[in-house]
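Note that ligands are numbered from 1 as they come in the structure, with each ligand's atoms numbered from 1 the same way. Note that the structure is a prediction, hence the values are computed from the model and not measured.
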Amino acid sequence: MISETEDLEAFLDQSVAADARLDPAASVLRAIAAASVELSGVIGLGQLFGKVGASRESTNTDGDVQKELDVLANDVFVDILARAPVAALVSEELREPLVLDPQAPLVVAMDPVDGSSNIDTNVSIGTIFSILPVRPGAVRVEDHFLQPGRAQVAAGFVIYGPQTSIVLALGDGATQIFTLDRREGRFRQAVHCVAIPPDAAEYSINASNYRHWDDPVRAFIDDCEQGAEGPLKRNHNMRWVGSLVADAYRILLRGGIFLYPGDRRSGYGEGRLRLLYEANPVAFLVEHAGGAATDCVNRILDLEPSGIHARVPLVFGSAGPVDLVAGYHSDPQFSAERSPLFGRRGLMRL
Ligand code: FDP
Ligand code: ZN
């Protein structure tokens with residue numbers, strides 16, 4: 001196991017010394033970290049830098065209105081990754097994959113600015129990234145990206161909040177957190193080997209979508225809300241920041257569960273979040289910290305992507321509640337619509 005290090009640079013050196021195959025991924029992580037220092041400065045200035053939260057005429061791959069910061073961040077990462085061992089880049093902001101160095105051994109999928117709707121409001125936002133090996137024999141550029149998330153060599157996110165931190169896992173290693181020391185301009189180790197508590201009574205979901213959810217999700221949230229008087233026999237707390245990176249960071253540190261399920265709104269059958277550059281990297285971090293991540297039922301890291309911008313329902317966090325949600329989806333006792341005939345369940349089965 002990699003021992004606690006002073007900073008990101010020492011961690012990457014130590015990881016490569018232990019396994020030389022990680023060298024290209026370490027270079028990509030250095031590049032992403034360097035670009036994020038630059039972005040952190042811009043984000044920290046907010047309105048003083050200019051209208052970074054202003055909307056543009058353009059939309060991204062999902063039809064969301066692009067913010068000035070989305071475009072600026074995308075350009076910064078394209079620029080720096082063009083000088084790293086990266087064959088191609090998929091970005092939320094680019095409709096098609098961008099070819100960089102066709103001879104390079106890795107590809108990167110990223111969400112340059114996650115939580116765009118929070119830019120104007122001084123709430124944490126982030127950059128999410130997934131690093132995959134190129135696929136030998138791939139015919140089209142996108143084929144390199146259409147691999148299950150378990151193939152990731154490294155993944156993580158940068159969170160721009162009260163602290164700017166990079167959360168990453170490299171190879172088979174544990175999830176690590178490095179915080180930007182602004183006095184020195186370098187990422188210093190803040191948490192060595194993140195370990196998500198196996199159980200915690202805090203849930204994170206956009207509850208305004210309640211009426212659009214399927215029965216198993218409604219049943220789970222109903223039961224959380226009933227607290228100690230309900231079948232879960234425990235009081236729960238709720239937190240929803242609305243920036244995936246911020247909700248994920250909190251859950252990595254103190255446990256709990258995040259849900260963005262598919263729902264009945266038009267275009268939301270597979271939820272809102274993207275498999276390649278949101279669900280896969282978060283699932284990688286969560287599993288490398290001892291937690292679990294599913295699409296409500298199946299392990300995220302085993303899913304075969306259907307397209308580079310494909311969405312997926314996402315549930316992740318402490319293994320206990322994540323397994324419980326899978327149970328609500330497979331066991332009719334949990335998922336049945338509450339009916340007067342059925343009555344209230346008094347007993348919780350795992
Ligand atoms: P955003 O669109 O603001 O970038 O990436 C998608 C995302 O934010 C996640 O960060 C966040 O978890 C989710 O969307 C919030 O969605 P809702 O607005 O539907 O709650
Ligand atoms: Zn995002």
Atom indices of ligand 1 within 4.0 angstrom of [X] heavy atoms, with elements:
{"X": "Arg274", "answer": "5 (O), 6 (C)"}
{"X": "Ser243", "answer": "10 (O)"}
{"X": "Asn206", "answer": "17 (P), 19 (O), 20 (O)"}
{"X": "Arg272", "answer": "1 (P), 2 (O), 6 (C), 7 (C), 13 (C), 14 (O), 15 (C), 16 (O), 19 (O)"}
{"X": "Leu244", "answer": "9 (C), 10 (O), 11 (C), 12 (O)"}

Would you say ligand 1 has an N or O under 3.5 Å from any N or O of [X]?
{"X": "Ser116", "value": "yes"}
{"X": "Gly115", "value": "yes"}
{"X": "Asp114", "value": "yes"}

| query | When the ring planes of His309 and Tyr277 are compared, do they come out parallel, tilted or perpendicular, using 30° and 60° as the limits? | reply | perpendicular
| task | Classify the ring geometry between Phe220 and Tyr328 as parallel (under 30°), tilted (30 to 60°) or perpendicular (over 60°). | result | perpendicular
Restricting to N, O or S atoms of [X], which is nearest to the Zn ion (ligand 2)?
{"X": "Glu278", "answer": "OE2"}
{"X": "Asp111", "answer": "OD2"}
{"X": "Asp114", "answer": "OD1"}

| field | Reported CZ-to-CD distance for the pair Arg135 and Glu142, which is rounded to 0.5 angstrom | value |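 The CZ atom of Arg135 sits 12.0 Å away from the CD atom of Glu142.
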| query | Counting heavy atoms only, which part of Ser117 comes closer than 4.0 Å to ligand 1: side chain, backbone, both or neither? | reply | both
| said: Against ligand 1, does Leu273 come closer than 4.0 Å with any heavy atom? | reply: yes
| query | Does ligand 1 have an atom under 4.0 Å from some heavy atom of Glu92? | reply |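 Not so, Glu92 does not reach ligand 1.
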Please check if any side-chain donor atom of [X] sits under 3.5 Å from a side-chain acceptor atom of [Y], or the reverse.
{"X": "Thr127", "Y": "Ser36", "result": "no"}
{"X": "Tyr268", "Y": "Arg272", "result": "yes"}
{"X": "Ser124", "Y": "Tyr249", "result": "no"}

| task | Only one of Ile128, Asn280, Thr175 passes side-chain contact (heavy atoms from CB on, under 4.5 Å) with Leu285; say which it is. | result |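 Filter result, single survivor: Thr175.
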| Phe187 and side-chain contact (heavy atoms from CB on, under 4.5 Å): which partner among Ile166, Ile177, Asp7? |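 Only one option passes, and that is Ile166.
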| message | Below 2.8 Å, can you find an N, O or S atom of Glu92 next to the Zn ion (ligand 2)? | response |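 For Glu92, the answer is no, given that no N, O or S atom comes within less than 2.8 Å of the Zn ion (ligand 2).
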| query | Under a 4.5 Å cut-off applied to non-hydrogen side-chain atoms, are Leu301 and Leu303 in contact? | reply | no
| query | Is the centre of the Trp240 ring less than 6.0 Å from the centre of the Tyr203 ring? | reply | no
